[in-house]
Amino acid sequence: MSADRVLFDAPGPVGRRRIRIATAATVLVIAAVIALAVKQFGDNGQLAAERWTPFGQLSYLRFLWDGLKGTLLAAGVAALISFPAGAVFGLMRISVRRPVRWLAGVYVELFRAVPLLLLIYAFLLGLPRLGVNLPIFWKLVVPIVLVNTAVLAELVRAGIGAVDRGQFEAGEAVGLRRGQVLRLVVLPQALRLIVPTLVTQLTTLLKDTTLGYVVSYPELMKQGNNLTVYTHLLIQTYLIVAVVYVVINLLLSQLAHALDRRLARRRVVDAGGAAGGGGAPHVAHETEPAGDRIAPMGQLF
Amino acid sequence: MTEPLVRIAGVNKSFGSFQALHDIDLDVARGEVVVIVGASGSGKSTLCRCINRLETIDSGTITIDGKPLPEEGRALARLRADVGMVFQSFNLFGHKTALENVMLGPVKVRGVRAAEAREQARALLRRVGVDDKENNRPSELSGGQQQRVAIARALAMQPKVMLFDEPTSALDPEMIKEVLDVMVGLAGEGMTMVVVTHEMGFARQAGDRVVYMDAGRVVEIDTPDRFFTDARSDRARDFLSKILAH
């Protein structure tokens, strides 16, 4: 509801009819594509029971489960390092000290531009020649951290930039030091603004781990790949793997919504407390637009 | 007469090629209420913001309570803690409740214990008449309420001087009075105030002196009575005829 209302006029009768027609057409096309795919699979025997029943076996499942654990471990470690590091670099980019700003700027521009795959090859093929041979896990995780730190730094900087200048000035006018203004006033509000985008970046980071197959790190994709070598059940395996990724990312976006709602609700609860103290309960409708204004951002990115 | 609390001497300030302040001299005595008026773009807000160094100056000196305005770091932060500032757009901390807005400075800058700061903040919110909103965030308050919380936030630091940068310009008409009432009360209690405003009623009622600025210069300084009835310069008379016409 929110995105439509904030970004566009509510559609009129003609618009509503067009939207209905477009919706119907889209649904038809998608249904046709799915039906075609299913028919093709069926014609080629891909839907045959014996091609799916093996996935009921514990050994198959355990194989994929190990892959999922590998994915979550790599993504978790990468996220735990790159989120704080991204915050640090984001703050460095707005430092008053020019060399600090410059250093962070070079880092961010460089690692945001270099393709992740190229970095992984550098750690896989380049650095070992120079005598730097990391364990397989880190050959995957370090490049992911390098790239995501750069992207997150830009997000943090953008979030800080989106906080009204008056907030800085008010903090300074009260007598807070620059660091305190950032920590106590600006960052909490900047983070609130970028929470949806941060979660989006987390899903990107998770998908980055699929490059694990390049370094032979046993994450979900690689494990699926290994499985097909023995079973030749390509389509079935990759469909299952794809579904797992979709489910994880759905869970992450649920997390984003929950975070967003929790932050929004906290305001209403506070207001409710005040209402008990004699204030009017009109606050709720004033609170919503603020939450709504945030919501489209998550949907746009 | 004792030394002025705020002394502004020979201050110049440019934004690029635009000179916003020309050779400004202005003293504000302890307990005095100085009202700065002038057309928009005359430099009155810039002057106000220079007093706690939210704007830097190119030349000249600003002295507060005998000490020159520090240029950076801890000393500047300490000075700002002694100078209350109220903004046109309120600038309450958006993620904090009214009470937390008022408490933040005393706790984080002065090191006051939270319990003590809370009591003091409650008393201040009561004084400005928004104590029933202490747990509301700024987005849940009206403009007038927000500005009164902002005044309480500034007062919580027990400032030597209060700066008001067009405090009522962003308010709906019916809310202007509630903010002005608080300011008149403050003036009556002997607070030293520098007020940039278009509220001529406030200037007459609470101002000790009126400073009229035009094109970055102080054109006239006088008592409100004389300024409003018998302005000396053509520019001031022209300005007054425009704003007092209706």
What part of [X] is in contact with chain A, defined as an atom under 4.5 angstrom from a non-hydrogen atom: side chain, backbone, both or neither?
X     : value
B:R49 : side chain
B:R53 : neither
B:F87 : side chain
B:L76 : neither

With the threshold set at 4.0 Å, does a side-chain nitrogen-carboxylate oxygen contact exist between [X] and [Y]?
X      : Y      : answer
B:R78  : B:D82  : no
B:R113 : B:E119 : no
B:K44  : B:E166 : yes
B:R110 : B:E116 : no

Between chain B and each of A:L176, A:V174, A:V186, count heavy-atom pairs under 4.5 Å; write down the option with the most.
-> A:V174
Which region of A:R178, side chain (C-beta onward) or backbone (N, CA, C, O), has a non-hydrogen atom less than 4.5 Å from a non-hydrogen atom of chain B, or is it both or neither?
->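 Neither part, no heavy atoms under 4.5 Å.
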Check whether A:Q180 gets within reach of chain B through its side chain, its backbone, both or neither, counting any heavy atom under 4.5 Å.
->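 Just its side chain gets close to chain B.
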Determine the sole option in A:N148, A:V141, A:V145 for which the side-chain contact (heavy atoms from CB on, under 4.5 Å) test with A:D208 is passed.
-> A:N148
Starting at NE2 of B:H95, measure out to CG of B:N101 and round the result to the nearest 0.5 Å.
-> 8.0 Å
